Amino acid sequence: MLTLQPEIVQQYVETGQMQLIFWPVLNHGNPSVAATVTFECVGQQSFENAWALHPILFQNVNRLYSATRDDFINYAVQVGADQATFESCYDSAEAVELVMQLDQIRRERGIRGQPYFDVNGTVLAGTGQLLDTIAANAK
Amino acid sequence: MKQLSLVMTLLYLLGCGGAAEEPIAVSQATATQIIATDLPPTATAPPPATSIPTAEIVVADPPPTETLIVVTNEPTEVVMAPTLVPTEQPVAMFGRTPEGALYMGRADAEITLIDYSDFL
(Lines give C-alpha, C1' and ligand atoms only; values in the text may rest on other atoms or scores of the structure.)
Protein backbone atom coordinates (compact mmCIF):
# COMPACT_ATOMS: atom_id res chain seq x y z
CA MET A 1 0.00 0.00 0.00
CA LEU A 2 2.92 2.33 0.68
CA THR A 3 3.85 2.34 -2.98
CA LEU A 4 0.27 2.61 -4.25
CA GLN A 5 -1.07 5.12 -1.76
CA PRO A 6 0.30 8.31 -3.40
CA GLU A 7 -1.36 7.36 -6.69
CA ILE A 8 -4.63 6.39 -5.01
CA VAL A 9 -4.71 9.58 -2.96
CA GLN A 10 -3.98 11.80 -5.94
CA GLN A 11 -6.38 10.08 -8.33
CA TYR A 12 -9.30 9.31 -6.05
CA VAL A 13 -9.09 10.96 -2.63
CA GLU A 14 -8.07 14.42 -3.75
CA THR A 15 -10.70 14.36 -6.49
CA GLY A 16 -13.45 13.63 -3.97
CA GLN A 17 -14.16 10.11 -5.22
CA MET A 18 -12.77 8.16 -2.26
CA GLN A 19 -12.77 8.04 1.49
CA LEU A 20 -9.62 6.23 2.63
CA ILE A 21 -9.79 4.71 6.12
CA PHE A 22 -6.75 3.41 7.95
CA TRP A 23 -7.76 0.51 10.17
CA PRO A 24 -4.94 -0.72 12.42
CA VAL A 25 -3.87 -4.33 12.51
CA LEU A 26 -1.82 -5.24 15.59
CA ASN A 27 -0.07 -8.40 14.49
CA HIS A 28 3.40 -7.74 15.89
CA GLY A 29 2.88 -7.18 19.58
CA ASN A 30 4.01 -4.10 21.43
CA PRO A 31 5.87 -2.48 18.50
CA SER A 32 2.60 -2.58 16.51
CA VAL A 33 0.71 -1.06 19.42
CA ALA A 34 3.32 1.65 20.01
CA ALA A 35 3.42 2.66 16.32
CA THR A 36 -0.38 2.73 16.06
CA VAL A 37 -0.71 4.69 19.31
CA THR A 38 1.77 7.19 17.88
CA PHE A 39 -0.43 7.57 14.79
CA GLU A 40 -3.52 7.91 17.01
CA CYS A 41 -1.99 10.49 19.37
CA VAL A 42 -0.74 12.65 16.51
CA GLY A 43 -4.24 12.38 15.05
CA GLN A 44 -5.76 13.66 18.27
CA GLN A 45 -3.87 16.89 17.66
CA SER A 46 -4.22 17.05 13.88
CA PHE A 47 -5.73 14.63 11.37
CA GLU A 48 -3.56 16.13 8.66
CA ASN A 49 -0.37 15.58 10.68
CA ALA A 50 -1.38 11.99 11.35
CA TRP A 51 -1.70 11.33 7.63
CA ALA A 52 1.68 12.99 7.10
CA LEU A 53 3.11 10.57 9.66
CA HIS A 54 1.40 7.55 8.06
CA PRO A 55 3.93 7.00 5.22
CA ILE A 56 6.87 7.90 7.47
CA LEU A 57 6.04 5.05 9.82
CA PHE A 58 5.71 2.61 6.92
CA GLN A 59 8.99 3.79 5.44
CA ASN A 60 10.73 3.11 8.77
CA VAL A 61 9.20 -0.30 9.29
CA ASN A 62 12.53 -1.98 10.01
CA ARG A 63 13.34 0.53 12.74
CA LEU A 64 9.95 0.27 14.41
CA TYR A 65 10.68 -3.20 15.80
CA SER A 66 13.29 -1.73 18.11
CA ALA A 67 11.95 1.83 18.35
CA THR A 68 11.91 3.43 21.80
CA ARG A 69 9.47 5.91 23.31
CA ASP A 70 11.84 8.72 22.32
CA ASP A 71 11.91 7.48 18.75
CA PHE A 72 8.12 7.70 18.51
CA ILE A 73 8.17 11.14 20.11
CA ASN A 74 10.64 12.23 17.45
CA TYR A 75 8.39 10.90 14.67
CA ALA A 76 5.46 12.82 16.15
CA VAL A 77 7.35 16.07 16.57
CA GLN A 78 8.77 15.67 13.06
CA VAL A 79 5.29 16.10 11.55
CA GLY A 80 4.35 19.03 13.78
CA ALA A 81 2.84 17.49 16.92
CA ASP A 82 3.17 19.31 20.22
CA GLN A 83 5.58 17.17 22.24
CA ALA A 84 4.07 17.60 25.69
CA THR A 85 0.56 16.91 24.44
CA PHE A 86 1.78 13.91 22.49
CA GLU A 87 3.64 12.45 25.45
CA SER A 88 0.57 12.82 27.63
CA CYS A 89 -1.48 10.91 25.08
CA TYR A 90 1.22 8.31 24.39
CA ASP A 91 1.55 7.50 28.09
CA SER A 92 -2.18 7.30 28.70
CA ALA A 93 -4.23 4.13 28.56
CA GLU A 94 -6.98 5.70 26.47
CA ALA A 95 -5.07 5.69 23.20
CA VAL A 96 -4.01 2.09 23.74
CA GLU A 97 -7.59 1.07 24.49
CA LEU A 98 -8.84 2.75 21.33
CA VAL A 99 -6.37 1.01 19.01
CA MET A 100 -7.04 -2.30 20.76
CA GLN A 101 -10.78 -1.84 20.21
CA LEU A 102 -10.22 -1.13 16.52
CA ASP A 103 -8.08 -4.25 16.25
CA GLN A 104 -10.82 -6.28 17.93
CA ILE A 105 -13.42 -4.96 15.46
CA ARG A 106 -11.06 -5.94 12.64
CA ARG A 107 -10.95 -9.51 13.95
CA GLU A 108 -14.72 -9.60 14.27
CA ARG A 109 -14.96 -8.59 10.61
CA GLY A 110 -12.94 -11.66 9.68
CA ILE A 111 -9.79 -9.82 8.69
CA ARG A 112 -7.02 -12.19 9.77
CA GLY A 113 -4.02 -10.93 7.86
CA GLN A 114 -2.54 -7.75 6.51
CA PRO A 115 -2.60 -5.91 4.35
CA TYR A 116 -6.26 -6.43 3.60
CA PHE A 117 -8.47 -4.01 1.76
CA ASP A 118 -12.21 -3.43 1.66
CA VAL A 119 -13.37 -1.60 -1.46
CA ASN A 120 -17.08 -0.84 -1.14
CA GLY A 121 -17.60 -4.22 0.53
CA THR A 122 -15.24 -6.24 -1.64
CA VAL A 123 -12.45 -7.63 0.57
CA LEU A 124 -9.05 -8.14 -0.99
CA ALA A 125 -5.98 -9.87 0.45
CA GLY A 126 -2.93 -7.93 -0.70
CA THR A 127 -2.59 -5.21 -3.29
CA GLY A 128 -2.78 -7.46 -6.39
CA GLN A 129 -6.30 -6.53 -7.50
CA LEU A 130 -6.58 -3.29 -5.56
CA LEU A 131 -6.26 -0.73 -8.36
CA ASP A 132 -8.54 -2.69 -10.71
CA THR A 133 -11.18 -3.05 -8.03
CA ILE A 134 -11.02 0.65 -7.23
CA ALA A 135 -11.31 1.53 -10.91
CA ALA A 136 -14.33 -0.74 -11.27
CA ASN A 137 -16.06 1.14 -8.46
CA ALA A 138 -15.25 4.58 -9.87
CA LYS A 139 -17.74 6.20 -12.20
CA MET B 1 -69.99 133.59 -43.10
CA LYS B 2 -71.50 130.90 -41.01
CA GLN B 3 -70.54 128.39 -43.62
CA LEU B 4 -67.02 129.66 -43.52
CA SER B 5 -66.89 129.34 -39.76
CA LEU B 6 -68.27 125.81 -40.00
CA VAL B 7 -65.61 124.93 -42.50
CA MET B 8 -62.93 126.39 -40.21
CA THR B 9 -64.34 124.50 -37.28
CA LEU B 10 -64.27 121.27 -39.26
CA LEU B 11 -60.71 121.94 -40.33
CA TYR B 12 -59.78 122.58 -36.71
CA LEU B 13 -61.40 119.39 -35.64
CA LEU B 14 -59.60 117.52 -38.37
CA GLY B 15 -56.41 119.13 -37.15
CA CYS B 16 -57.07 117.83 -33.66
CA GLY B 17 -57.70 114.38 -35.10
CA GLY B 18 -54.19 114.35 -36.60
CA ALA B 19 -52.69 115.37 -33.34
CA ALA B 20 -54.54 112.53 -31.72
CA GLU B 21 -52.14 110.16 -33.42
CA GLU B 22 -49.23 111.47 -31.37
CA PRO B 23 -50.11 109.39 -28.25
CA ILE B 24 -49.95 106.30 -30.42
CA ALA B 25 -46.47 107.20 -31.48
CA VAL B 26 -45.55 107.84 -27.85
CA SER B 27 -47.12 104.63 -26.74
CA GLN B 28 -45.12 102.67 -29.31
CA ALA B 29 -41.95 104.34 -28.14
CA THR B 30 -42.67 103.47 -24.55
CA ALA B 31 -43.39 99.90 -25.56
CA THR B 32 -39.99 99.53 -27.12
CA GLN B 33 -38.43 101.17 -24.12
CA ILE B 34 -40.11 98.74 -21.81
CA ILE B 35 -38.89 95.83 -23.87
CA ALA B 36 -35.46 97.34 -24.06
CA THR B 37 -35.28 97.91 -20.34
CA ASP B 38 -36.72 94.50 -19.53
CA LEU B 39 -34.33 92.58 -21.75
CA PRO B 40 -31.04 93.38 -20.01
CA PRO B 41 -32.21 92.19 -16.61
CA THR B 42 -33.85 89.07 -18.04
CA ALA B 43 -30.84 88.42 -20.23
CA THR B 44 -28.48 88.42 -17.25
CA ALA B 45 -30.92 86.92 -14.84
CA PRO B 46 -31.73 83.67 -16.71
CA PRO B 47 -28.20 82.26 -16.83
CA PRO B 48 -27.65 82.34 -13.09
CA ALA B 49 -31.28 81.46 -12.53
CA THR B 50 -31.06 78.35 -14.74
CA SER B 51 -27.52 77.39 -13.76
CA ILE B 52 -28.22 77.46 -10.04
CA PRO B 53 -31.28 75.23 -10.15
CA THR B 54 -29.66 72.71 -12.45
CA ALA B 55 -26.60 72.60 -10.23
CA GLU B 56 -28.81 71.96 -7.28
CA ILE B 57 -30.62 69.16 -9.10
CA VAL B 58 -27.44 67.49 -10.24
CA VAL B 59 -25.95 67.62 -6.80
CA ALA B 60 -29.12 66.67 -5.06
CA ASP B 61 -30.21 63.77 -7.26
CA PRO B 62 -27.14 61.49 -7.48
CA PRO B 63 -26.55 61.07 -3.77
CA PRO B 64 -30.02 59.71 -3.09
CA THR B 65 -29.85 57.23 -5.98
CA GLU B 66 -26.33 56.15 -5.06
CA THR B 67 -27.17 55.59 -1.45
CA LEU B 68 -30.28 53.71 -2.45
CA ILE B 69 -28.29 51.33 -4.66
CA VAL B 70 -25.72 50.71 -1.97
CA VAL B 71 -28.36 50.08 0.63
CA THR B 72 -30.25 47.62 -1.57
CA ASN B 73 -27.11 45.77 -2.69
CA GLU B 74 -25.50 45.29 0.71
CA PRO B 75 -28.26 43.16 2.19
CA THR B 76 -28.39 40.86 -0.84
CA GLU B 77 -24.63 40.31 -0.72
CA VAL B 78 -24.75 39.53 2.97
CA VAL B 79 -27.57 37.08 2.40
CA MET B 80 -25.84 35.36 -0.52
CA ALA B 81 -22.52 34.80 1.28
CA PRO B 82 -23.84 32.51 4.03
CA THR B 83 -25.84 30.48 1.52
CA LEU B 84 -22.76 29.79 -0.61
CA VAL B 85 -20.42 28.86 2.23
CA PRO B 86 -22.42 25.92 3.63
CA THR B 87 -22.46 24.19 0.25
CA GLU B 88 -18.66 23.94 0.27
CA GLN B 89 -17.96 23.51 3.97
CA PRO B 90 -19.28 19.92 4.33
CA VAL B 91 -16.34 18.71 2.22
CA ALA B 92 -14.12 17.60 5.10
CA MET B 93 -10.91 15.93 3.98
CA PHE B 94 -10.06 14.33 7.33
CA GLY B 95 -11.96 12.82 10.19
CA ARG B 96 -12.84 9.75 12.22
CA THR B 97 -15.23 6.92 11.59
CA PRO B 98 -17.84 6.28 14.29
CA GLU B 99 -15.55 3.53 15.63
CA GLY B 100 -12.62 5.96 15.88
CA ALA B 101 -10.51 5.05 12.83
CA LEU B 102 -8.88 7.97 11.04
CA TYR B 103 -9.80 8.69 7.42
CA MET B 104 -8.95 11.09 4.65
CA GLY B 105 -11.27 12.12 1.83
CA ARG B 106 -14.93 12.96 1.62
CA ALA B 107 -17.22 11.01 3.89
CA ASP B 108 -19.81 10.93 1.09
CA ALA B 109 -17.38 9.72 -1.58
CA GLU B 110 -18.57 7.00 -3.96
CA ILE B 111 -15.68 4.71 -3.01
CA THR B 112 -14.84 3.67 0.53
CA LEU B 113 -11.47 1.99 0.86
CA ILE B 114 -10.59 0.49 4.22
CA ASP B 115 -6.89 -0.21 4.54
CA TYR B 116 -6.32 -2.92 7.19
CA SER B 117 -2.60 -2.62 7.83
CA ASP B 118 0.06 -2.98 10.48
CA PHE B 119 2.82 -0.39 10.49
CA LEU B 120 5.21 -3.29 10.97
Side-chain angles (χ1 to χ4, degrees), chain A residues 1-2 5 8-9 12-29 31-32 34-36 38-40 43 46-48 50-51 54 57-58 60-62 64-65 98-99 101-103 105-106 109 111 113-121 123 130 133-134 137-139, chain B residues 51-120:
Chain A
M1 182 60 178
L2 178 61
Q5 186 163 319
I8 291 172
V9 169
Y12 296 104
V13 175
E14 292 180 355
T15 58
Q17 299 177 76
M18 176 186 287
Q19 179 192 33
L20 172 59
I21 302 170
F22 175 74
W23 206 286
V25 175
L26 308 178
N27 275 353
H28 294 87
S32 293
T36 306
T38 299
F39 177 71
E40 164 60 26
S46 165
F47 294 139
E48 195 167 359
W51 283 101
H54 186 264
L57 291 175
F58 276 112
N60 290 277
V61 58
N62 291 329
L64 296 184
Y65 286 100
L98 174 58
V99 299
Q101 285 177 1
L102 291 173
D103 189 54
I105 293 171
R106 181 266 304 178
R109 291 179 179 177
I111 307 298
Q114 61 95 21
Y116 268 58
F117 301 96
D118 183 323
V119 184
N120 284 357
V123 178
L130 181 58
T133 305
I134 291 170
N137 281 272
K139 290 180 181 177
Chain B
S51 64
I52 291 170
T54 49
E56 288 175 352
I57 290 169
V58 169
V59 172
D61 284 344
T65 52
E66 286 179 0
T67 51
L68 281 174
I69 290 170
V70 170
V71 168
T72 52
N73 281 342
E74 281 179 354
T76 51
E77 288 177 358
V78 171
V79 170
M80 289 299 289
T83 55
L84 288 173
V85 172
T87 58
E88 296 180 2
Q89 277 185 341
V91 183
M93 287 301 292
F94 302 99
R96 281 185 189 277
T97 66
E99 299 87 352
L102 298 183
Y103 70 79
M104 62 161 41
R106 297 172 55 131
D108 61 347
E110 62 191 18
I111 303 171
T112 298
L113 170 60
I114 304 175
D115 174 12
Y116 294 98
S117 290
D118 193 340
F119 285 112
L120 287 90

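Letters go in sequence order (proteins before strands), and every chain restarts at 1. Small disclaimer: the values here were computed from a predicted structure and weren't measured.
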Straight-line distance of [X] [atom1] to [Y] [atom2], nearest 0.5 Å:
{"X": "Phe94(B)", "Y": "Trp51(A)", "atom1": "CZ", "atom2": "CH2", "value": "8.5 Å"}
{"X": "Thr15(A)", "Y": "Ile111(B)", "atom1": "OG1", "atom2": "CD1", "value": "8.0 Å"}
{"X": "Met18(A)", "Y": "Met104(B)", "atom1": "CE", "atom2": "CE", "value": "11.0 Å"}
{"X": "Leu102(B)", "Y": "Thr36(A)", "atom1": "CG", "atom2": "OG1", "value": "10.5 Å"}
{"X": "Asp115(B)", "Y": "Gln114(A)", "atom1": "CG", "atom2": "CD", "value": "9.0 Å"}
{"X": "Leu26(A)", "Y": "Phe119(B)", "atom1": "CG", "atom2": "CZ", "value": "10.0 Å"}

With a 4.5 angstrom heavy-atom cut-off, could you sort out which part of [X] is near chain B: side chain, backbone, both or neither?
{"X": "Tyr12(A)", "answer": "side chain"}
{"X": "Leu102(A)", "answer": "side chain"}
{"X": "Ala138(A)", "answer": "both"}
{"X": "Glu40(A)", "answer": "both"}
{"X": "Leu130(A)", "answer": "side chain"}
{"X": "Val99(A)", "answer": "neither"}
{"X": "Ile105(A)", "answer": "side chain"}

Close side-chain approach of [X] to [Y], heavy-atom, < 4.5 Å:
{"X": "Arg96(B)", "Y": "Leu98(A)", "answer": "yes"}
{"X": "Ile114(B)", "Y": "Phe117(A)", "answer": "no"}
{"X": "Val25(A)", "Y": "Tyr116(B)", "answer": "yes"}
{"X": "Asn137(A)", "Y": "Leu113(B)", "answer": "no"}

Original post:
Do you know which of Leu64(A), Asn60(A), Ile8(A) has the most heavy-atom pairs under 4.5 Å to chain B?
Top reply: Leu64(A)
Original post:
Does CD belonging to Gln17(A) count more than 12 external heavy atoms closer than 6.0 Å?
Top reply: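 Above 12, so yes.
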Original post:
Picking from Tyr116(A), Phe58(A), Trp23(A), what satisfies side chain to side chain contact (heavy atoms under 4.5 Å, CB included) with Ser117(B)?
Top reply: Phe58(A)
Kindly give the heavy-atom pair with the smallest separation between [X] and [Y], and that separation in Å.
{"X": "Leu120(B)", "Y": "Ala35(A)", "value": "CD1-CB, 4.1 Å"}
{"X": "His28(A)", "Y": "Asp118(B)", "value": "ND1-OD2, 3.0 Å"}
{"X": "Gln19(A)", "Y": "Ala107(B)", "value": "NE2-CA, 3.8 Å"}
{"X": "Glu99(B)", "Y": "Arg109(A)", "value": "OE2-NH2, 3.4 Å"}
{"X": "Ile21(A)", "Y": "Ala101(B)", "value": "CG2-CB, 3.8 Å"}

Original post:
Which region of Thr112(B), side chain (C-beta onward) or backbone (N, CA, C, O), has a non-hydrogen atom less than 4.5 Å from a non-hydrogen atom of chain A, or is it both or neither?
Top reply: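 Thr112(B) touches chain A through backbone and side-chain heavy atoms alike.
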**OP:** For Asn120(A) and Glu110(B), indicate whether the former's side chain and the latter's backbone hold a donor-acceptor pair under 3.5 Å.
**Re:**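 Confirmed, Asn120(A) side chain pairs with Glu110(B) backbone.
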